[in-house]
Each structure stands twice: as structure tokens, then as C-alpha cells.
Protein chains: 2
Amino acid sequence: MELAEAKQKFIDTWGRLGSEWGINRTMAQVHALLLVSPDPLSAEEVMSQLSISRGNANMTLRDLISWGLVEKQHRPGERKEYFFADKDAWNIARQVAKERKKRELEPMLRVLNELAEVEGDSKDPHFKTFQSSVKDIRALAQNANKTIDTMVRAEENWFWSTFFKLFK
Amino acid sequence: MELAEAKQKFIDTWGRLGSEWGINRTMAQVHALLLVSPDPLSAEEVMSQLSISRGNANMTLRDLISWGLVEKQHRPGERKEYFFADKDAWNIARQVAKERKKRELEPMLRVLNELAEVEGDSKDPHFKTFQSSVKDIRALAQNANKTIDTMVRAEENWFWSTFFKLFK
DNA sequence: TTTAACTTTCAAAAAGTTTTGAAAGTTAAA
DNA sequence: TTTAACTTTCAAAACTTTTTGAAAGTTAAA
């Protein structure tokens with residue numbers, strides 16, 4: 001397989017994975033493109049390499065920056081901005097976990113906490129099932145939350161050497 | 001808050017979470033409905049409680065069964081089938097992790113393995129960046145894969161006793 | 001300043017996904 | 001076997017999300 005073909009396959013695969021996990025396909029593709037680029041790319045280069053519009057490239061790059069996966073670079077004497085992706089897989093995983101926790105897990109936990117407080121007739125099977133399902137799922141979510149906290153705080157070395165041992 | 005209102009909120013929240021994570025909103029809502037139902041429900045009941053069509057209810061229930069989250073129950077002397085959700089949060093998490101691993105992680109790993117084999121000029125920065133990004137992400141994916149394997153094999157007790165102690 | 005090289009916005013269009021419901025299929029009981 | 005109670009299918013419609021591109025906005029350099 002040629003490098004160009006392999007890059008394309010990587011971009012497509014990363015894009016598919018993203019969309020299966022609720023992340024905009026184009027955003028994942030732009031991320032993949034930057035992951036395999038040794039140097040920062042301009043918006044123009046992203047547009048032409050992925051055949052996407054200027055508006056789309058702009059929004060997507062801003063999203064990637066807000067996810068903490070990409071940063072802008074400025075070159076002296078040039079108006080153009082360049083975009084560069086953090087290439088460290090563990091940083092990427094941490095960053096994504098951190099953002100999704102903030103955007104999705106925490107809001108859900110707030111609702112679950114509220115629902116766990118709902119009072120009712122403890123003889124009513126409907127109430128009993130509701131309460132135990134909610135509390136059980138809440139415990140799971142709290143646990144996920146805590147695990148992500150630990151993950152976010154962890155150093156790379158700690159992660160590769162210690163964390164996965166638990167699961168071996 | 002009334003129980004009925006709380007149930008509705010639970011169903012909506014679970015539905016939203018599902019769609020943020022690439023799981024059909026209705027499927028997540030049907031799952032939530034069954035999670036708070038002490039008894040199995042018929043397709044008819046699911047349809048009317050969530051105001052969805054017969055076709056949608058049927059497909060969604062079959063999907064939930066294929067995810068291992070719901071099972072059909074048959075009552076002697078009745079044609080109708082009833083649907084019942086496993087209420088155990090740890091089983092649910094394991095089941096979802098197992099299915100997503102099979103449906104998404106493993107196919108991606110196959111592509112990454114293939115891409116990690118691509119040969120090229122090790123003096124070329126494009127090739128070097130490609131190779132190291134692919135290998136690094138592959139290592140992460142392999143770790144995730146292994147972690148899920150362990151999770152799937154783990155007993156409930158192991159999980160609850162090791163992780164959830166603080167929250168009970 | 002002014003200019004022009006760039007970035008950002010956003011309404012409309014396109015693409016993708018989900019839902020509907022009527023018709024076809026299935027099967028348990030009579 | 002026939003019937004009718006139920007389940008399944010799938011093409012078309014509705015809905016949701018993403019993308020486009022032209023216009024507006026910004027700003028560094030001349």
C-alpha cells in the first residue's frame with residue numbers, strides 16, 4: 001500500500017469511528033489528517049486535502065481547538081494561521097474523556113441526582129423499580145466520573161505501566 | 001416531582017445520552033422505559049407509552065435484544081410477546097462495552113494493524129509521522145480492547161467491591 | 001488610513017438518519 | 001385447515017445534522 005493510500009484509509013477509519021461515537025465525521029477526519037501531518041497545515045490545505053468548504057474547515061478546526069486536540073500556530077510575517085495536532089495518543093484519549101465527561105456525563109449525573117431524590121410509596125413496585133434503577137445507574141456514572149478524573153490527572157508513564165495492570 | 005414526571009425525565013435523559021454516544025435515541029428511550037418497568041411490557045404498551053409506531057417499536061426491541069439488554073418473555077396461552085430489561089447496571093455496562101468492542105473497536109483494530117504494516121522511507125517525515133501516529137493509536141486501542149475483555153469476564157462482585165465501595 | 005489577505009458567520013441546501021404505517025408474513029389456537 | 005392475533009418488513013416521509021459558499025468581519029502590513 002502506498003503512503004498516500006494508507007493516509008486516506010487512516011482518515012476514513014478515524015472518521016467512521018468518530019461518527020459511530022457521536023463525533024462529527026468531518027471533525028474526526030480533519031483530526032486524522034493533522035495527526036499524520038508532520039507540519040502544521042493551513043485552513044486552505046485542510047480544505048483542499050479533504051475537499052471541504054471554507055466554512056466547514058473553519059468550524060471544524062475551531063471545534064478541534066475547543067476539544068483541546070489541536071492548536072493554532074502563528075508564523076511571523078504571515079497572516080495565515082496554521083493548525084497542529086497533539087500527536088500523543090494518551091493525551092488525545094485523556095482530552096476526549098475529559099471533554100465528554102464535562103459535556104455529557106456531568107449533566108447526566110445532575111439529572112440522576114435529582115431523580116434519586118424523588119419520593120414515593122415504597123410499597124409500589126413501580127416506584128421501587130424506578131428508584132433502584134436510577135440509583136444503580138447513578139452509582140455507575142459516578143464511578144465512571146471518578147475513573148476519568150484519575151485518568152485526567154495521571155501521568156503518561158503511570159498510565160502505561162500501572163493502570164492497565166489492574167486489568168491483566 | 002411525581003413518579004410519572006420523574007420516569008419521563010429519566011427516559012428523556014437516557015435517550016439524550018444515547019444519541020450523544022451514537023445510539024439511536026428511541027432505542028435508548030425504550031430501554032429506559034423497560035428499566036423502570038417492574039413487569040415486562042408488550043410491544044403495544046411500548047408503542048403507546050412512547051408514542052412510537054409499530055414498526056419502530058418492533059425494530060427497536062429487536063435491536064435491544066441483539067445488544068443483549070432486553071429479552072422476550074412468553075406467557076402460556078398468549079400470542080403476545082413481552083419484553084423485559086436486565087436491570088443490573090453492571091451487566092448493562094458490560095454488555096454495551098462488549099457489543100461496541102465487537103462492532104467498532106475490533107474492525108478499527110484490523111485496519112490499524114494493516115496500516116501499521118505499511119512500509120516506506122524512514123527518512124521521510126510524512127512516513128515517520130504516519131507510522132508513529134498509527135502505532136501509538138493502535139497501542140491505545142489494543143489496551144482498550146484488553147480492558148474490555150477483562151471487564152466482560154469480571155464478576156459483579158469484583159467490580160462493585162473494588163470500585164463502588166465509596167458510593168454505596 | 002487603506003488595502004488585501006485572511007477568518008468568521010449563518011441561512012439555505014444537501015446529506016444522513018430515523019420513523020411511519022400499510023401490507024406481507026407467521027403461527028397458535030380453534 | 002382456517003382464522004385471526006400477532007410480528008416483521010420496507011419504501012416513502014419526516015426529521016436531524018452537516019455542509020456549503022457568499023457576505024460580513026477582522027487585522028497586519030503598506
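First the proteins, then the strands, lettered A, B, ... as listed; each starts at 1. Side chains are part of it too, since the values below use all heavy atoms of this structure and drop only hydrogens, waters and symmetry mates.
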### Message
Does either side chain, that of Glu117(A) or that of Asn113(A), offer a donor lying less than 3.5 Å from an acceptor on the other one?
### Response
no

#### Entry: Which residues share a salt bridge (charged side-chain N to carboxylate O under 4.0 Å, His left out) with Arg138(B), sequence neighbours left out
none

### Query
Are the side chain of Ser19(A) and the backbone N or O of Arg16(A) linked by a donor-acceptor pair below 3.5 Å?
yes

### Message
I need the residues from residues 40-52 of chain B with at least one non-hydrogen atom less than 4.0 Å from DNA chain C; give them sorted by number, or say none.
### Response
Ser51(B), Ile52(B)

#### Entry: Counterpart residues, salt bridge (charged side-chain N to carboxylate O under 4.0 Å, His left out), relative to Arg103(A) (two or more places apart)
Glu99(A)

### Summary
From CG of Leu61(A) across to C1' of dT9(C) the rounded distance in Å is 15 Å

### Message
What is the distance, to the nearest angstrom, from the CG atom on Asn56(B) to the C1' atom on dC10(D)?
### Response
13 Å

## Note on the structure
Residues of residues 18-39 of chain B with a heavy atom under 4.0 Å from any atom of DNA chain D, listed by number, are none

### Task
Round to the nearest Å and state the distance from Met59(A) atom CE to dC10(C) atom P.
8 Å

### Query
CD of Glu2(B): more than 12 outside heavy atoms within 6.0 angstrom?
no

### Query
Taking atom CG of Leu34(B) and atom CD of Glu45(B), what is their separation to the nearest 0.5 Å?
10.0 Å

### Message
Checking Lys135(B) now: which residues fulfil salt bridge (charged side-chain N to carboxylate O under 4.0 Å, His left out) with it, not counting sequence neighbours?
### Response
none

### Query
So, is Arg62(A) near the phosphate of dT9(C), with a side-chain N or O under 4.0 Å from OP1 or OP2?
yes

### Task
Fill in the dot-bracket string of DNA chain C, one character per base: . for unpaired, | for a pair to another strand, ( ) or [ ] for pairs within the strand, taking Watson-Crick or G-U pairs under 3.5 Å.
||||||||||||||||||||||||||||||

### Query
Going by atom types alone, do Lys80(A) and His74(A) pair a side-chain donor with an acceptor below 3.5 Å?
no

### Message
So if I take residues 96-104 of chain A and measure heavy-atom distances to DNA chain C, which residues fall below 4.0 Å?
### Response
none

### Query
What pairs with Glu71(B) under salt bridge (charged side-chain N to carboxylate O under 4.0 Å, His left out), at least two apart in sequence or on another chain?
none

### Message
For a quick test of reading the model: is some side-chain N or O of Asn58(A) closer than 4.0 Å to OP1 or OP2 of dT7(C)?
### Response
no

### Summary
In whole angstroms, the gap separating C1' of dG25(D) from CD of Glu81(A) amounts to 14 Å

### Message
Whether the Asn91(A) and Arg94(A) side chains hold a donor-acceptor pair (N or O, under 3.5 Å, no angle test) is what I'd like checked.
### Response
yes

### Summary
Residues at least two apart in sequence or cross-chain that pass side chain to side chain donor-acceptor pair (under 3.5 Å) with Asn145(A), listed by chain then number, are Lys101(A)

### Task
State, without any angle test, whether Asp136(B) and Ser132(B) hold a side-chain donor-acceptor pair at a distance under 3.5 Å.
no

Look for any protein N or O under 3.5 Å of an N or O in nucleotides 1-5 of chain C and output each such pair with its distance, or none.
| unit_1 | atom_1 | unit_2 | atom_2 | d |
| --- | --- | --- | --- | --- |
| dA5(C) | N3 | Arg79(A) | NH1 | 2.9 |

### Query
Is it true that atom NZ of Lys98(A) has more than 12 heavy atoms of other residues, nucleotides or ligands lying nearer than 6.0 Å?
no

### Query
Do other residues, nucleotides or ligands put more than 12 heavy atoms under 6.0 Å from Glu119(A) CD?
no

### Query
With a cut-off of under 6.0 Å to the ring centre and 45° to the axis, is Arg100(B) in cation-pi contact with Trp67(B)?
no

### Query
Any idea which heavy atoms bring Gly15(A) and Gln29(A) closest together, and the distance?
CA-CG, 3.8 Å

### Task
Could you identify which residues of residues 65-78 of chain B place a heavy atom less than 4.0 Å from some atom of DNA chain C, listed by residue number, or say none?
Gly77(B)

### Message
Given the ring of Phe84(A), does Lys87(A) sit roughly above its face, with NZ or CZ under 6.0 Å from the centre of the six-membered ring and within 45° of the axis?
### Response
yes

### Query
Which pairs count as salt bridge (charged side-chain N to carboxylate O under 4.0 Å, His left out) when at least one residue sits in residues 49-58 of chain B, sequence neighbours excluded?
Glu44(B)-Arg54(B)

### Query
Atom CG of Asp63(A) to atom C1' of dT19(D): distance rounded to whole Å?
13 Å

